[in-house]
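In what follows, a structure is listed as C-alpha cells, so that the remarks can point back to it.
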Amino acid sequence: MESQQSHNQLQIIFVPYPTPGHMNPMIATARLFAMHGVNVTIITTHANASTFQKAIDSDFNSGYSIKTQLIQFPSSQVGLPDGVENLKDGTSTEIISKIARGIAMLQDPIEANLFQELQPDCIVTNMMFPWTVEAAAKLGIPRIHYYSSSYFSNCAEHFIMKYRPHDNLVSDTQKFTVPGFPHSIEMTPPQLPFWLRTKKPATAYFETIFESEKISYGTLYNSFHELESDYEKLGSTTMGIKSWSVGPVSAWTNKNDEKKANRGHIEELGKEEEWLNWLNSKENESVLYVSFGSLIRLDNAQIVEIAHGLENSGHNFIWVVRKYERDESENTFLQDFEERMKESKKGYIIWNWAPQLLILDHPATGGIVTHCGWNSILESLNAGLPMIAWPIFAEQFYNEKLLVDVLKIGVPVGAKVNEFWNSTSETVAVKREDIAKAVEILMGSGQESKEMMMRAKKLGEAAKRIIEERGHSYNNLIQLIDELKSLKKSKALGEKAD
Ligand code: UDP
C-alpha cells in the first residue's frame, strides 16, 4: 500500500446514499481506494459524516489522502429536526418521506458546487443517484455505478424487468422461473418489489437507475468471485459495461476489533460489557444472532411471534430490536419477555443498534436470522456463519434464493410478501412454529445443519483469501485504479495536444 501526495494523484469523489446498507460498503470502498494511493473525497451531510469520521481521520493520520466534504442537509426546508439525515432514522412514514425529500434536494449542492469545485478524475456514486451519470458526462469524466447488493439480484431484476415472466400468471401463488439464469430459480409475484410487480409512480425512478447503469463507465460490486462467479459473468455480459467485484469490503477495511467496533453509528451502541459478558458465558457456536438490518421495524404482532418462536426453539439468541413509535402497551410485552429471558439466560435483547461485526465474529455465535440485506449476508459469511433467510422488502427475496437455492447455506423461514415495514398492516408474515422450526434446522445437530455450516465456513475462508495480495478482489481493485490512472493520463495528453 502506498501513500503519496502529488499533482498527478488520481482524484476520486465518492457519493454514498444515506442508509447504513449503502453507506457502510461505500465508505469501506472509498477507504480502500485511499489505501491504494488515490486521493479520495467523500461527499455527505454532517450527521452522516459523524458516523464514520473517526475511521477517516485515522486513515488520514496514517498518511492516506482521504477527506470528507460536507454539504448541508435541508432539515428546516423539509420540516425535520437537525441531525435526522439518514433513512434509518425514519421512525414513521411521515419522517421517512421527509428524509427522502431532503436526500433528493441534495442533487443541486452536490452537482453545482462540489463536482465542479473539486475537479475529480472520476466519480463513484451510489446506484440511487442516477442523475450523476449526466453530471460526470458534463465534466468529461467516468461515472462508476456503485451497486450495493449481489450480482445475482441485479441480474434477476434486469431479466424480470425485461421479460416480465410474472405478468401472465393467474394467481399470486403461481410460480415463475427467473429468465436467463444458469440455475432454475422460482419465485412468486408477491416476492417481487412493488414497483416491479405492477407499474407504480416509483417504477420510472427505478427504470432510470437501470438506464443510468448501462451508460456508466462500469459497476462496482461489493461481492467476490467464489461467492457468485456465474452471476459475476452473467452481470458483465448482460449489462454491457465493465464490472469489478472488490468485496467483501468490510472484511478488508475492518480487520481488527477496534476497527469493527468503530464502524458506523457507534453513538448508538449500548453498554459493551453487558452483551459481551452474555456472549462470553455461552458455548461456542451456540447463539443465534437475530437482526433485520438498519431500516426494518417490525410490528407488534410479528414481534410477539418472533419472541415465542425463539423461546420455543430452546436455543440461545441475541436479538436486535429497532424502536419505533409504538404505544406503551406494545412495549410492555417485550419488556416482560426481556425480563424472562434474563432469568432463563436463554436470550439477550439489544435495543435499536448492535455492534454487528463484533457479534458475528464472536466464537459463541453460530448462526444468524437475517432479512437478507446484502451487507449482513457478506458480514455473516466473513464470520463463516450459515443463515436463516427472512427477506422482507426490496431485493432481499433474490438474495434469499441465492443463499438457499444456489449456495445452500440458508434455511428459508417461509416469507412470502415483499413489503416495506411502513406499508404492512398488523399482520403476521411468519408464525412462531415456522420460526422455531427454522431455528431447529439451523442450530440443531442434524446433518443438514452441519453441511450448511461447512459450506459457510468454506466461503468465509475464501472471503479472507480474496482480499489478500493477489486475491481476485485485490487484483480487481488494483486493475481498476490502474485503468483510471491511464484514462487520466490520456485525457491530460489530449488536452495538451489541443
Ligand atoms: N447494522 C449494524 N447494527 C445493527 C443493524 C445493522 O451494524 O443493529 C449494519 C450491518 O452490519 C450492515 C448494515 O447495517 O452493515 C445493514 O445493511 P444490510 O445490507 O444488511 O441491510 P439494510 O439495513 O440495508 O436493509
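Quantities reported herein were computed from a predicted structural model and do not represent experimental measurements. One-based numbering, in listed order, for ligands and for the atoms of each. Reckoned from all heavy atoms, side chains included, excluding hydrogens, waters and symmetry mates.
- Between the side chain of Ser236 and the backbone N or O of Glu232 there is at least one donor-acceptor pair closer than 3.5 Å.
- Within the structure, the closest approach of His371 to ligand 1 falls below 4.0 Å when heavy atoms are considered.
- Side-chain N/O atoms of Tyr289 and Gln356 include a donor and acceptor closer than 3.5 Å.
- For ligand 1, the atoms sitting less than 4.0 Å from at least one non-hydrogen atom of Pro20 are 14 (O), numbered in the order shown with element in parentheses.
- If you look at Arg322 next to ligand 1, there are no close heavy atoms at all, none under 4.0 Å.
- Ranked by closest heavy atom to atom 18 (P) of ligand 1, the top entry among Asn222, Asn399, Asn375 is Asn375.
- Residue Trp353 touches ligand 1 through backbone and side chain together, judged by heavy-atom distances below 4.0 Å.
- Aromatic ring centres of Phe14 and Tyr146 lie farther apart than the 6.0 Å criterion allows.
- Figure legend: Lys242 and Trp244 shown without cation-pi pairing, the cationic atom not lying both under 6.0 angstrom from the six-membered ring centre and within 45 degrees of its axis.
- Residue-ligand proximity, Trp374 to ligand 1, at heavy-atom distances under 4.0 Å covers atoms 19 (O).
- At least one N or O atom of Glu379, backbone or side chain, sits closer than 3.5 Å to an N or O atom of ligand 1.
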Problem - Verdict with supporting geometry, Lys408 and Arg455, side-chain contact (heavy atoms from CB on, under 4.5 Å) - result: CA-CA 8 Å; Lys408 302 192 187 332; Arg455 284 191 282 266; 3.6 Å; yes

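- Closest to atom 3 (N) of ligand 1 by heavy atom, among Ala354, Ser148, Ala394, is Ala354.
- A cation-pi arrangement, defined by a distance under 6.0 Å to the six-membered ring centre and an angle within 45 degrees of its axis, is absent between Lys342 and Trp278.
- Proximity of Val320 to ligand 1, defined as any heavy-atom pair under 4.0 Å, is confined to the side chain (atoms from C-beta onward).
- Residues Tyr231 and Phe152 bring their aromatic ring centres within 6.0 Å.
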